[in-house]
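Keep in mind that what you see is a predicted model, and the values were worked out from it rather than measured.
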Amino acid sequence: MSEAPFLAPDGQTRCAWAGGAPEFLGYHDTEWGFPGGGDVRLFEKICLEGFQSGLSWRTILNKRPAFREVFADFDFHKVAEFDEGDVERLLQDARIIRHRGKIEASINNARRAVELVEEQGSLAAYVWGFEPEPLTIPEVVATSPASVSLSKDLKKRGWKFVGPTTMYAFMQSMGVVNDHSLDCVIRDRVEAERAAFVRP
């Protein structure tokens, strides 16, 4: 995230990356950084951040409707039942990222998510348990101690494509941290929602 803000068409400043593509502004203003507690939404985001590894977020955002369609709206109980036939089906679908390792990781992670929910009660309770103390000034970093801890624990549980950088992007996007820049008009709105958000 660059320090130079993006001046949006409405004349107000946003995080610099929000001006990187036409699709980004709406996503930035309505989704990125807003706290989320739904297990399916959290699982979807972990999967999509994994698919994004090595690619641009713009690619993933544009393909998200197709991902939702072919991955049963990321209902991890359904995805956990996918088999080799489903892997082959997904590898033939040009609307998504046809990467065998990432597809198999998403199915594996769905099975691990089912196990985690049985143990922890919800994926949300588990994820939000890694929320760090809020920073006064957002950091321009690729990882954090909290994302390293989350990554390490998920890997220990058998999850894949959940490295510290991927998990930090996940925590940023799901509002576990508020990394909107100080001069971003959305930052205070996100902070207000985080303050009102009931942690699972």
Next on the checklist: According to side-chain contact (heavy atoms from CB on, under 4.5 Å), who are the partners of Ser106, at least two apart in sequence or on a separate chain?
Outcome noted: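 For Ser106 the side-chain contact (heavy atoms from CB on, under 4.5 Å) partners, ignoring immediate neighbours, are Cys47, Phe51, Phe71.
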
Next on the checklist: Among residues at least two apart in sequence or on other chains, which ones pass side-chain contact (heavy atoms from CB on, under 4.5 Å) with Arg89?
Outcome noted: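 Per chain and number, Arg89 pairs via side-chain contact (heavy atoms from CB on, under 4.5 Å) with Val70, Phe82, Asp86.
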
Holding to side-chain hydrogen bond (donor to acceptor under 3.5 Å, both in side chains), I want the full list of residues that pass it with [X], two or more places apart in sequence or in another chain.
X: His99; answer: none
X: Gln52; answer: none
X: Lys45; answer: Tyr27

Next on the checklist: For residues 104-124, which residue pairs pass the ring-ring contact (aromatic ring centres under 6.0 Å, His included) check, not counting sequence neighbours?
Outcome noted: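 Those involving residues 104-124 do not exist here.
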
Any chance you could pull the hydrophobic cluster mates of [X], using side-chain heavy atoms under 4.5 angstrom and chaining through other members?
X: Leu182; result: Ile137
X: Val185; result: Phe34, Ile186, Val190
X: Leu25; result: Phe6

Item to check | Counterpart residues, ring pair (Phe, Tyr, Trp, His ring centres under 6.0 Å), relative to Phe43 (two or more places apart) | outcome: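 Residues passing ring pair (Phe, Tyr, Trp, His ring centres under 6.0 Å) with Phe43: Phe76.
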
Item to check | Pair listing, side-chain hydrogen bond (donor to acceptor under 3.5 Å, both in side chains) test, anchored in residues 70-85, at least two apart | outcome: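 Non-adjacent pairs meeting side-chain hydrogen bond (donor to acceptor under 3.5 Å, both in side chains): Glu84-Arg100.
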
Checklist entry - Under the side-chain hydrogen bond (donor to acceptor under 3.5 Å, both in side chains) rule, what pairs show up with a residue in residues 190-200, not counting sequence neighbours? => result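 Qualifying pairs, neighbours excluded: Glu131-Arg194, Glu131-Arg199, Asn178-Glu191.
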
Next on the checklist: Check this for me: does any side-chain nitrogen of one of Arg112 and Glu115 sit under 4.0 Å from a carboxylate oxygen of the other?
Outcome noted: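 A salt bridge links Arg112 with Glu115.
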
